[in-house]
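The structure under discussion appears below in the form of structure tokens.
Naming: A, B, ... by sequence-line order, numbering from 1 per chain.
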There are 2 protein chains.
Amino acid sequence: MISNDHPRYESLISREKMVNAYNAGILADAGLIAHGRGEAFDYLIGEKTTKTAERAIKAGCAALILANNPVISVNGNAAALVSEDIVKLAHVLDAKIEINLFYRTSQRVNAIFKVLKKAGAEEILGTEEDALEHINGLNSPRGKVSKEGMLNADVVLVPLEDGDRTEALVANGKFVIAIDLNPLSRTSKTASITIVDNIIRVIPALIKKAEELKKFDKKTLKNLIDDFNNNDNLKESLKTILSSIEKFEA
Amino acid sequence: MISNDHPRYESLISREKMVNAYNAGILADAGLIAHGRGEAFDYLIGEKTTKTAERAIKAGCAALILANNPVISVNGNAAALVSEDIVKLAHVLDAKIEINLFYRTSQRVNAIFKVLKKAGAEEILGTEEDALEHINGLNSPRGKVSKEGMLNADVVLVPLEDGDRTEALVANGKFVIAIDLNPLSRTSKTASITIVDNIIRVIPALIKKAEELKKFDKKTLKNLIDDFNNNDNLKESLKTILSSIEKFEA
């Protein structure tokens with residue numbers, strides 16, 4: 001039982017969710033380790049949504065609203081941490097939800113399917129029954145995507161994605177919004193918009209932002225995207241880490 | 001099968017060892033996540049032993065050689081990654097090996113005992129049969145130490161230790177040498193000497209250094225310790241991280 005006045009309450013709750021998800025077969029082995037890497041970077045950005053991340057959330061949200069076929073990619077870590085918020089976000093954005101796993105096994109796909117169903121998802125793509133195809137440039141099982149979903153999506157929200165897959169999505173003309181705590185990762189550098197923040201804060205922030213931005217006209221939304229420079233934004237995130245280290249150092 | 005010319009071979013092998021150890025009951029759930037945090041910091045220091053870490057290894061090694069009752073504390077992560085090298089180091093230093101777990105269960109103690117035995121350890125303290133006592137200031141199960149070992153040790157080598165326990169060891173007058181990849185952690189700041197480096201590189205480096213320094217006289221060894229300033233050394237490690245981020249940024 002973790003007391004909710006513990007200074008690291010959120011972080012400890014996430015850790016508990018991850019361990020439970022691992023034991024329930026939702027997470028691959030590498031998922032727990034990846035969570036630890038995320039913890040380290042979250043610690044370095046101060047375990048809060050920075051102004052820099054807020055700008056990426058805003059631009060990313062505008063792109064998701066303007067999309068013709070937006071898809072939210074869900075892996076084990078995302079399902080373990082924010083399944084209910086993902087279902088809400090998909091609803092607000094009228095976006096599809098697709099299970100998309102780096103280490104794809106039927107057992108894990110089915111376990112994640114159940115989690116998403118329980119969280120209230122109606123349509124779930126990327127299941128074992130779905131018509132899966134390979135995205136160009138990635139012929140391994142990692143390249144499997146749903147025909148109705150990521151294959152034909154114009155905008156994709158990918159939480160905690162690996163570099164090869166992000167590159168393949170971008171090479172296939174997708175506008176990729178990545179959620180990644182490491183501003184130095186290949187995914188962060190490759191994505192169209194990278195939100196350097198913890199997924200447990202990003203998804204609720206996207207829901208709130210979507211409700212606000214949906215009232216805006218297309219031109220205003222398009223300007224929000226055009227005014228956003230991912231490379232500059234990543235540099236800002238690095239500066240946050242640098243100054244946080246300098247502060248610790250003092 | 002991981003090819004040994006993969007650029008991140010060492011890192012992938014460690015990851016595989018950790019997952020196997022987790023499945024064998026050697027690691028606590030938190031151990032896999034902690035490994036991920038370590039990966040992130042290792043990445044930031046460049047996945048190599050820095051000159052700064054070399055200085056800490058040298059001073060720490062001198063302290064271990066001069067100790068009357070040196071003890072090497074072993075937790076799940078250390079056992080999973082470097083059990084054979086720990087046994088070698090204990091032999092070179094004539095140091096005791098003590099199983100000391102944050103999440104102590106008989107099952108995990110016994111699993112680690114077997115790993116250390118298989119690695120060639122003769123005497124292993126901190127087992128369920130050992131006379132365990134509580135170290136002053138830490139009355140939870142986390143404070144359990146062997147009477148013959150850490151309770152009466154003058155110098156303790158602690159890999160990947162938590163902050164509370166490091167503080168208790170220092171408060172009890174121990175000279176604590178910590179191995180911790182995060183130079184900002186409470187353990188790093190509290191320890192007498194902190195080696196900011198990956199345990200898979202540190203233990204072999206300590207074996208080599210011990211063989212060299214054992215030939216030195218006591219005064220020379222004492223000077224090595226006196227000339228070492230942990231706070232300054234940690235600042236140097238932070239500078240390495242800062243410049244590595246700046247390099248990535250360019």
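A 6.0 Å sphere centred on NZ of K117(A) holds more than 12 heavy atoms belonging to other residues, nucleotides or ligands. Heavy-atom neighbours of K58(B) NZ from other residues, nucleotides or ligands within 6.0 Å: at or below the threshold of 12.
What you find for N182(A) and Y43(B) is that their closest heavy atoms are ND2-CE2, 3.7 Å.
At a heavy-atom separation below 4.5 angstrom, chain B is approached by D29(A), L32(A), I33(A), H35(A), G36(A), R37(A), E39(A), A40(A), F41(A) within residues 25-41 of chain A. Close approach to chain A, defined as a heavy atom under 4.5 Å from one of its heavy atoms, is seen in no residue of residues 79-88 of chain B.
Contact of I241(B) with chain A is made through the side chain alone, with heavy-atom distances under 4.5 Å. With a 4.5 angstrom heavy-atom cutoff, N231(B) does not touch chain A via any of its atoms.
Counting only heavy atoms from C-beta outward, the side chains of L44(B) and L184(A) approach each other to under 4.5 Å.
For T52(A), the side chain to side chain contact (heavy atoms under 4.5 Å, CB included) test picks out T50(A), R55(A), N233(A), E236(A), S237(A), T240(A), with sequence neighbours left out. Residues passing the side chain to side chain donor-acceptor pair (under 3.5 Å) test with N198(A) are D42(A), sequence neighbours excluded.
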